[in-house]
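Below is one structure; the comments refer to it alone.
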Amino acid sequence: MKLKFTKMHGAGNDFIVVDAIHQDVDLTAEQWRKLADRRFGIGADQILVVERPVTEGVDFRYRIFNNDGGEVEQCGNGARAFARFVSDKGLSKENSIRVETMKGIIAPRLESDGSVTVDMGAPRLEPGEVPFDSAGLEGRTEGADTNWPLTVGGQTVFVSVVSMGNPHAVQVVENVDSAPVGETGPLIEHHPRFPQRVNAGFMQVLGRNHVKLRVFERGAGETLACGTGACAAVVAGIRRGLLDSPVRVSARGGELSIAWAGPGEPVYLSGPAVTVFEGEVEV
């Protein structure tokens, strides 16, 4: 079958976006993986699938597949691309939409400057909700946060654990450019304390309202930007007493803006969403 697609990116985090409303889309994990392959397919960090909603009161259903073929719960940069896609394709005439994901409802909004802001919902901070197995560990208190020790590669690192609908482990590093993201990222991703694996964030604090961030994403490897990773990092930094909202997050692929008013409040993610090209592929 032939599949129509749109290639997009948000701050360098790149996506294949597929309209499953006007074409039948029922692919296997292997087929998703082949489409996302950068040498033998189209190439992408994630594949985003636009579907009709199954829940009353929402506009669309949003499914996300990592480039390893596995389906995941959430993708913040992808949510912005999703909103831009449905607007550009005429699937919605509204500037703000409600979208259901595996982990709840999100609300992207198109801004007048061309950027997209997404209400990502409130972060979940209890270890069991991330999920993270903290049994037998002695955490280190920093501000309102607990930093948990993880043994990776023969050394101990301390991480904040946050769920933004998907699990994150955030550590503060002195220099994000020289941080061992490629070496310890996979070890953290597959650490047995995280039963659903985890996204590993490496954050350098540049000021009260500015950080640099790299993220080794679960099922995708290091990406040029990670929206939920930026949200989780800022939440961790504010809880640690290191940051004040709003925070500019400098990723390798571009700039994101994160705002969070505190516990129980939603996190707002803002940034670009750009269409690169459109095409049709045989699957």
Side-chain angles (χ1 to χ4, degrees), residues 74 76 118-153 155-181 184-185 187-189 191 193-194 198-218 222 225-252 255-271:
Q74 191 58 278
V118 185
D119 176 347
M120 298 296 296
R124 296 182 180 179
L125 303 168
E126 289 298 320
E129 295 183 339
V130 173
F132 172 69
D133 178 12
S134 62
L137 294 181
E138 185 174 343
R140 185 173 68 184
T141 300
E142 184 176 358
D145 192 44
T146 301
N147 306 161
W148 297 100
L150 285 183
T151 301
V152 290
Q155 62 178 347
T156 299
V157 298
F158 285 85
V159 300
S160 302
V161 295
V162 180
S163 172
M164 289 304 310
N166 57 354
H168 292 268
V170 181
Q171 60 179 296
V172 175
V173 297
E174 289 188 7
N175 187 328
V176 75
D177 295 320
S178 60
V181 177
T184 62
L187 301 179
I188 296 173
E189 177 193 356
H191 197 285
R193 292 279 181 178
F194 295 96
V198 73
N199 300 283
F202 300 75
M203 176 174 66
Q204 177 184 352
V205 177
L206 301 178
R208 299 292 303 181
N209 303 98
H210 188 197
V211 302
K212 291 178 73 174
L213 181 70
R214 292 170 66 185
V215 180
F216 192 95
E217 291 198 45
R218 176 185 58 166
E222 185 179 2
C226 176
T228 56
C231 294
V234 169
V235 167
I238 291 174
R239 282 171 51 81
R240 289 186 182 206
L242 303 175
L243 301 174
D244 298 314
S245 178
V247 178
R248 178 161 61 103
V249 178
S250 296
R252 289 193 156 184
E255 302 281 322
L256 302 172
S257 178
I258 309 297
W260 184 52
E265 297 298 319
V267 181
Y268 292 94
L269 162 67
S270 299

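We use all heavy atoms of the structure for the numbers below, so side chains are in, but hydrogens, waters and symmetry mates are not.
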Distance in Å, [X] [atom1] paired with [Y] [atom2], rounded so as to fall on 0.5 Å steps:
X    : Y    : atom1 : atom2 : answer
T146 : E138 : OG1   : CD    : 11.0 Å
Q171 : N147 : CD    : CG    : 10.5 Å
R208 : S245 : CZ    : OG    : 11.5 Å
M203 : L213 : CE    : CG    : 7.5 Å
D145 : L125 : CG    : CG    : 8.0 Å
Y268 : D119 : OH    : CG    : 4.5 Å

Between S160 and R239, is the side-chain hydrogen bond (donor to acceptor under 3.5 Å, both in side chains) condition met? List the steps. CA-CA 9 Å; S160 302; R239 282 171 51 81; over 6 Å; no

Check whether [X] reaches the backbone of [Y] with its side chain - one donor and one acceptor, N or O, closer than 3.5 Å.
X    : Y    : answer
N209 : P246 : yes
Q204 : V176 : yes
W260 : E265 : yes
R252 : R214 : no

[X] vs [Y] side-chain heavy atoms within contact, under 4.5 Å:
X    : Y    : answer
V234 : V267 : no
T228 : H168 : yes
R248 : L206 : no
F216 : T184 : no
S250 : E255 : yes
E142 : L242 : yes
S134 : W148 : yes

Is E126 atom CD crowded by more than 12 heavy atoms from other residues, nucleotides or ligands, each under 6.0 Å away? no

What is the minimum heavy-atom distance between [X] and [Y], and which atoms define it?
X    : Y    : result
G121 : M164 : O-CE, 3.9 Å
T151 : H191 : O-NE2, 3.4 Å
A169 : I188 : CB-CG2, 4.1 Å
G271 : L256 : CA-CD2, 4.2 Å
M120 : C231 : CG-SG, 4.0 Å
F202 : A179 : CD2-CB, 4.2 Å

Look at R218 together with E189 and state whether they make a salt bridge at an N to O cut-off of under 4.0 Å. no

Run the side-chain contact (heavy atoms from CB on, under 4.5 Å) check on R240 and V172 step by step: do they pass? CA-CA 10 Å; R240 289 186 182 206; V172 175; 3.2 Å; yes

